[in-house]
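Here is the structure we will look at.
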Amino acid sequence: MQINRVLLTAVGCVLLAMVTIQSGASLAKQLFPIVGPDGTTALRLGFAAIVLWLVFRPWRALPQGRDWRSVIVYGLCLGGMNILFYLAIERIPLGIAVALEFTGPLAVALFSSKRKSDLVWVACAIAGIVLLMPDLTSAQGLDLVGALMALGAGACWAGYILFGTRTGKQASGGITVALGMTVAALVLVPIGAVTQGIELFSWQVLPLGLLVGVLSSALPYSLEMVALRNMPTQAFSVLMSLEPAVAALAGFIILSEQLTLLQWAAIGLVIVASIGSSLSPQKR
């Protein structure tokens, strides 16, 4: 009974983390008319870095020498993932952007696969991506630039995983993310400040920016840390595969973004591919 209760708590943490991060993305999209995607990214990364430094206190175990290289690349991937994702959801629905972005971690998982049977999951992923890509012959089709931005965010996500793994060997997970978030903030906060000017620091924007930073980064990461300590990694990965569906629902409820049945089917294919890859044996 005690084990079941712990597992249920872990599952609850994963689901809550997905809800908070997609709610944060929906809230961030409402900031775009005021400070744009670049300003919103600056607010998210800046506030998230401050919160993570207060929580994990990374100054206690700073990297040494060449170890900084992995941290810097990891932080640049994190920053690229954030800005490209926000540029994507400015143009396309949240659920579609998350499904396209999922190609990054999905590619990392499938490339580390041991079995030829995993080609089935590759086919599912490709089919989902093809169905989500815009019809260039239709004036009302999905925005091509937005779709490419989401795929670019997925590529940065893949780099984030690979370099995060290297960096994580040198420090704890919390310290790694705090340092990576700081690198991303040092690059993108000045850009947001220059492009958006004084508007970025108005009392109308700052509280929403803090909320986006907490919902999109600090809170879900902390919840995922709790979950990973109390459930198998494979089960965690399977649950996280549901994130495109959670994003689509958040977009529908908060932003009134409606998807077609074909787009829902495409998101479903990406989810199936992600679950399948999570259940496959992986190389070390």
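Count residues from 1 along the sequence. Values below: all heavy atoms of this structure, side chains included; hydrogens, waters and symmetry mates excluded.
In this structure, the separation between CZ on Arg91 and CD1 on Ile89 is 13.0 Å, given to the nearest 0.5 Å. For the atom pair Cys156 SG and Ile83 CD1, the distance stands at 10.5 Å (nearest 0.5 Å). The structure places CG of Leu259 at 9.0 Å from CG of Leu249, a figure rounded to the nearest 0.5 Å. The distance from atom CD1 of Ile92 to atom CD of Glu257, rounded to the nearest 0.5 Å, is 9.5 Å. Rounded to the nearest 0.5 Å, atoms CD1 (Ile129) and CG (Leu132) are 8.0 Å apart. We find the CD1-CG distance between Ile254 and Leu27 to be 8.0 Å, quoted to the nearest 0.5 Å.
Cluster annotation: Leu131 is not connected to Leu144 through the hydrophobic network of ILVMFWY side chains, with a link wherever side-chain heavy atoms come within less than 4.5 Å. Criterion: ILVMFWY side-chain heavy atoms under 4.5 Å apart, direct or through other members. Under it, Leu223 and Val55 are part of a common hydrophobic cluster. The hydrophobic cluster containing Val122 does not contain Leu269, counting ILVMFWY residues as joined when their side-chain heavy atoms lie under 4.5 angstrom apart, directly or transitively. Hydrophobic clustering of Ile, Leu, Val, Met, Phe, Trp and Tyr side chains at less than 4.5 Å, counting indirect connections, unites Ile191 with Val205. Grouping the Ile, Leu, Val, Met, Phe, Trp and Tyr side chains by contacts below 4.5 angstrom, directly or via other members, places Leu84 with Val73.
Among residues two or more places apart in sequence or in another chain, the side-chain contact (heavy atoms from CB on, under 4.5 Å) test is passed with Leu54 by Ile50.
Nearest heavy atoms, Ile267 versus Pro244: CG2-CB, 3.7 Å. Ala245 and Ile271 get closest at one heavy-atom pair: CB-CD1, 3.7 Å. Residues Gln22 and Ala247 share a closest heavy-atom pair of OE1-CB, 3.4 Å. What you find for Leu52 and Pro58 is that their closest heavy atoms are O-CD, 4.5 Å. Across all non-hydrogen atoms, the minimal contact from Leu188 to Ala42 is O-CB, 3.8 Å. Among all heavy-atom pairs drawn from Val272 and Cys124, the shortest one is CG1-SG, 4.2 Å.
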Report task. In sequence, state the C-alpha distance, the side-chain angles, and the governing distance for Leu87 and Phe32, and then conclude on side-chain contact (heavy atoms from CB on, under 4.5 Å). Result -> CA-CA 10 Å; Leu87 288 169; Phe32 290 173; over 6 Å; no

**Report entry** side-chain contact (heavy atoms from CB on, under 4.5 Å) between Leu100 and Met149, intermediate numbers included
**Finding:** CA-CA 9 Å; Leu100 290 173; Met149 290 288 187; over 6 Å; no

Requested in this report: Test side-chain contact (heavy atoms from CB on, under 4.5 Å) on Ile72 and Leu76 and set out the steps.
Outcome: CA-CA 6 Å; Ile72 291 171; Leu76 292 176; 4.1 Å; yes

Report task. Dump the intermediate steps for side-chain contact (heavy atoms from CB on, under 4.5 Å) on Leu43 and Leu206, then the final yes or no. Result -> CA-CA 8 Å; Leu43 290 170; Leu206 284 176; 4.0 Å; yes

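Tested against Leu200 for a side-chain contact (heavy atoms from CB on, under 4.5 Å), the candidates Val35, Thr40, Ile34 yield a single pass: Val35.
Applying the side chain to side chain donor-acceptor pair (under 3.5 Å) rule to pairs touching residues 43-55 yields Arg44-Asn82, Arg44-Tyr86, Arg44-Ser217, Trp53-Thr182, sequence neighbours excluded.
The main-chain N or O of Thr260 is found under 3.5 Å from a side-chain atom of Gln263 such that the two form a donor-acceptor pair.
For CG of Leu261, the number of neighbouring non-hydrogen atoms (other residues, nucleotides, ligands) closer than 6.0 Å is 12 at most.
By the 30° and 60° cut-offs, the orientation of the rings of Trp157 relative to Phe102 is perpendicular.
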